[in-house]
> 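The structure is given below, and queries will be raised subsequently.
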Amino acid sequence: MFNIGALRANLGDDLLAFMPELILCGGIVVLLILRMFKALDRLHLGTIALILTLTALGYSCIQWQTPPNSPMFGGLLWNDGFTVFLRLFLFSFAALLVWLSMLTGIPDREDSGDFYCLLLGATVGMSLMASATHLLMVYIGVEMASLPSYALAGFLKGKRQSSEASLKYVVYGGGASGVMLYGISLLAGKFGTAYLPDLANAYVKALHQGPTAATVGHDPYLLLGTMFILIGMGFKLAAVPFHFWCPDVFEGAAAEVAAFLSVASKGAALALVGRFSLVLAGLTGPSMSRYDGWLHVAQYLVPGLAFFAVLTTTFGNLAAYLQTNLKRLLAYSTIAQAGYMMMGLAALNREGASAVLFYLVAYLFMNLGAFAVVAFLRNQTGSEDLSSYRGLAYRSPLMAVLLSIFLLSLLGVPPLAGFAAKFQILSALTHAGQDYSSWGQTTLGYTMYFLLGALVINTAISAVYYIKVIKVMILDKTVEEVEGRPSSPIPISAGPVFYGVLLAAMVFVIGIAWNGLAIASDTAGSDSFHTVRPRARLANPESSRPSRSPEAARPGRR
C-alpha cells in the first residue's frame, strides 16, 4: 500500500529516478516563459523542444545501463527495466516527431510554443501510464496523456475536419475517463486500496478458494470495477469496440498528430494494459508470485484479452478495405496492429511482454515512416486521398519506394522489421501454448494456438489493402494522364528525403539484425516480470522465488 513515510525518506532518490520526466516538465515551463517575451514570440521553438527531448532520452540511456527495480514516490510508480525501456521508446519517438514537425512546417512559428508544450505534456503523461502501480496514478497518467491530445487533434486552425476531430475525441475521451474513474472508485471502495499489488492479492482471494479449486466471484463491485477500468484503457488503445474515435480523429488531425496518437499513445496504452494485467496476475512488481493464485487469475484474464485482441485485429483489417483516405486507412491499420500486440499480452507471461516491447520499437519506425511520407506529400499536393497517389512511382519514385517499404513492413514481409516483430509474437504464443498445455490448462493452451492462427490469417487478410496502396502508386495512371495532360514531378527537398531514408534503414536493420533489440526487450522483461511454475514441477520451496526463467534461453526470441 502507499507509504507516506517511504515517500519522505526516499524523495531525493525518487526525484533522480524521475529526472527524465522532470526535464520535460521543466522544458514546458521554459517554452511558456519564452512566449512571454515579444522578441522571442515569433521564433520557432522546435529546436528547443528537440534539445529537451534528446536530453531526457540521454538521461534515460544512462538509467538503462543499470536498470533499477524499486518503487518511486511511496509506491505510486514503479521504476524498473520495463519503465526505462518505455521511456526510451517514448522519448525517442518524441524527438523524431519534433524533427518531423520542423521539416513539414506544422506547427508554424506562431503556434510552435503551444504545440510543443502540448506534445511534451502528453509524453510525460504517457510515461506515467507506463510506470503506474497505483490506480490514482493510472488515472492521472491517462488524463495527462489525453487532455493535450484533444487539443493537438484540433490544432489545424480554420479546418472544419480538424475541429470536428477534436470535438469527437473530447466527447469519447470524457466518457471513457468517467467510466474508468467510476471503476477505480468501485475497486478502491470494495478492497480499501488502490495499490495494484494489494489488489492482486484481493483478486486471488476472490477467485481462489481452497488449495486447488477456484470459483468466480459474483461480486458486482469486482466485476464492474475491473470492466470499467479496462474500458478506459481500451479507449486509449483504440481496441474494438472502443475504437470509434480513431478513424475520424486521424482523418481530421494533421498527419504529424495522427502519427503521435498512432505510435506513442498506443505504446503507452499497451504498457498500461500489460502492467495492469501482469500485476494483477502477480507477475511483476512487489506482488505475490504464488503459482496457484497466478493461474486462477490467468484463467479469466487470458480469454478476455484474447477475445478482444482477435476482435480488434480482424475488424481493423476488414474495415481498412474500403478506405479512400490514406490517413483513415492507416488509422484502421493502427487498430489492427494494436490487436497484434494485444495477442502478446494475452499470453500473460514475461516472454509475451518482451515480444510486445520488441514490436513497439519496430512499429515506431514503420508507422512513423508511413505517416511521414503522407505529411511530405501533403505539403506538395495538398491532398491525402488515395487517388492523389496514383502514379506516384513516376512523379516521386523515392517517396513511392519509401512508402512501399513501410507498408510491406506493416504487413510483415521479410526481411523487414514487421516480420521480426510478428515472429516474436508468434514465438511467445507458441511457447505459452506449450506451457499451459503441460500444466493441464488445455483451454488456455488452445487459446494460445487460436491466437497464433488468427495472427497468421489476419496478416494474409491485411495484404489486400497494403498491396492496394502499392498498386495504386505503381500501376495506376496519374490523374493528369487520364485527362490527357502530362504529369508533373513532385519535388521533395533533401531534409524529408534524409528523414524518410533514415526510418527505412532502421526498418531494414531491425528486420535483419534483430538480436540486439531482442536482448534489450528480454532484459526489460526479465528484470521486471517474475516467472512462476506449477508447484508440482518445483524441486524445493526455494525454487518458487521469482527468478529469470528458462524462457530467456528459448531460441525463438533471438
Side-chain angles (χ1 to χ4, degrees), residues 46 50 53-54 57-58 60-61 64 85 88-104 255-256 258-260 262-264 266-267 326 330 333-334 337 340 355 357-380 389 392-393 395-424 466-467 469-470 473-474 490-521 558:
L50 183 59
T53 53
L54 290 176
L57 177 61
S60 300
C61 290
W64 177 255
F85 190 97
L88 293 172
F89 166 80
L90 290 171
F91 300 156
S92 297
F93 175 75
L96 288 170
L97 189 66
V98 172
W99 184 13
L100 173 63
S101 69
M102 295 170 67
L103 292 173
T104 60
E256 297 83 349
F260 179 72
S262 173
V263 179
K266 297 297 178 292
L326 195 53
L330 288 174
S333 170
T334 294
Q337 296 291 327
Y340 293 137
L357 294 179
F358 185 103
Y359 203 119
L360 278 175
V361 177
Y363 181 66
L364 186 162
F365 293 105
M366 55 191 182
N367 214 54
L368 176 60
F371 277 104
V373 172
V374 172
F376 295 147
L377 294 175
R378 173 209 61 205
N379 284 0
Q380 299 299 324
Y389 288 77
L392 183 64
R395 303 176 65 194
S396 181
L398 181 58
M399 288 294 108
V401 169
L402 291 176
L403 183 56
S404 298
I405 291 172
F406 298 131
L407 293 177
L408 290 175
S409 183
L410 288 167
L411 172 59
V413 174
L416 304 176
F419 169 78
K422 288 185 178 179
F423 183 84
Q424 306 302 310
Y466 286 130
I467 295 178
V469 177
I470 299 174
M473 293 189 297
I474 297 175
I490 300 176
I492 304 292
S493 59
V497 167
F498 178 77
Y499 187 90
V501 170
L502 177 63
L503 294 182
M506 290 302 301
V507 168
F508 275 102
V509 169
I510 295 175
I512 296 173
W514 75 50
N515 192 54
L517 179 57
I519 292 174
S521 61
R558 301 287 170 84

> Do Leu330 and Leu407 touch side chain to side chain, with heavy atoms closer than 4.5 Å?
yes
> If we ignore hydrogens and angles and just use 3.5 Å, is the side chain of Asn379 paired with the main-chain N or O of Thr104 as donor and acceptor?
yes
> Give me the atom names and distance for the closest heavy-atom approach of Leu368 to Val263.
N-CG2, 4.3 Å
> Side chains of Leu403 and Leu326: closer than 4.5 Å at any heavy-atom pair?
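In short, these two side chains touch, coming nearer than 4.5 Å.
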> Give the minimum heavy-atom separation between Ala518 and Ser521, together with the two atoms involved.
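Minimum heavy-atom contact is O-OG, 3.0 Å.
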> First locate atom CG of Leu50, then atom CG of Leu97, and finally report the distance between them rounded to the nearest 0.5 Å.
11.0 Å
> Return the minimal non-hydrogen interatomic distance between Ala421 and Ala362, and the atom names on each side.
CB-CB, 4.0 Å
> Has the side chain of Lys422 got a donor or acceptor atom that lies under 3.5 Å from a matching backbone atom of Leu411?
yes
> For the pair Phe260 and Phe93, name the ring-plane relationship: parallel under 30°, tilted 30 to 60°, perpendicular over 60°.
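Parallel, since the angle between the ring planes stays under 30°.
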> Please report the closest heavy-atom contact between Ile492 and Ser396, naming both atoms and the distance.
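Minimum heavy-atom contact is CG1-OG, 3.9 Å.
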> Between Ile405 and Leu503, is there a side-chain heavy-atom distance shorter than 4.5 Å?
no
> Should Phe358 and Phe423 count as side-chain neighbours, where that means a heavy-atom distance under 4.5 Å?
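Of all side-chain heavy-atom pairs linking Phe423 with Phe358, none is under 4.5 Å.
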> Heavy atoms, side chains only, cut-off 4.5 Å: are Phe365 and Phe406 in contact?
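Side chain of Phe365 against side chain of Phe406, heavy atoms only: no contact under 4.5 Å found.
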> Could you walk me through whether Ser262 and Tyr363 satisfy the side-chain contact (heavy atoms from CB on, under 4.5 Å) test, starting with their C-alpha distance in whole Å, then the side-chain angles of each, then the deciding distance to 0.1 Å, before giving a yes or no?
CA-CA 10 Å; Ser262 173; Tyr363 181 66; 2.9 Å; yes
> Hey, could you give me the CG/OH distance between Leu357 and Tyr359, rounded to the nearest 0.5 Å?
14.0 Å
> Using only atom types and a distance under 3.5 Å, with no angle test, would you say the side chain of Tyr389 pairs donor to acceptor with the backbone of Ala400?
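Not confirmed, Tyr389 side chain does not pair with Ala400 backbone.
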> Minimum heavy-atom separation for Ala264 and Leu90, please, with both atom names.
O-CD2, 3.9 Å
> Can any side-chain N or O of Glu256 pair as donor or acceptor with the backbone N or O of Leu100 at less than 3.5 Å?
no
> One pair to check against side-chain contact (heavy atoms from CB on, under 4.5 Å): Met366 and Leu416. What are the steps and the verdict?
CA-CA 9 Å; Met366 55 191 182; Leu416 304 176; over 6 Å; no
> Less than 4.5 Å apart, side chain to side chain, heavy atoms only: is that true for Leu57 and Thr53?
no
> Could you check if a side-chain atom of Thr334 sits within less than 4.5 angstrom of a side-chain atom of Lys266, using non-hydrogen atoms only?
yes
> Between Phe376 and Tyr499, what is the ring plane arrangement, given parallel below 30°, perpendicular above 60°, and tilted in between?
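Rings of Phe376 and Tyr499: perpendicular, over 60°.
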> For residues Ala255 and Val374, report the shortest heavy-atom separation together with the two atoms involved.
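Where Ala255 meets Val374 most closely, the heavy atoms are CB-CG1, 4.3 Å.
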> So, do Leu364 and Val361 sit near enough that their side-chain heavy atoms are less than 4.5 Å apart?
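No, their side chains stay 4.5 Å or more apart.
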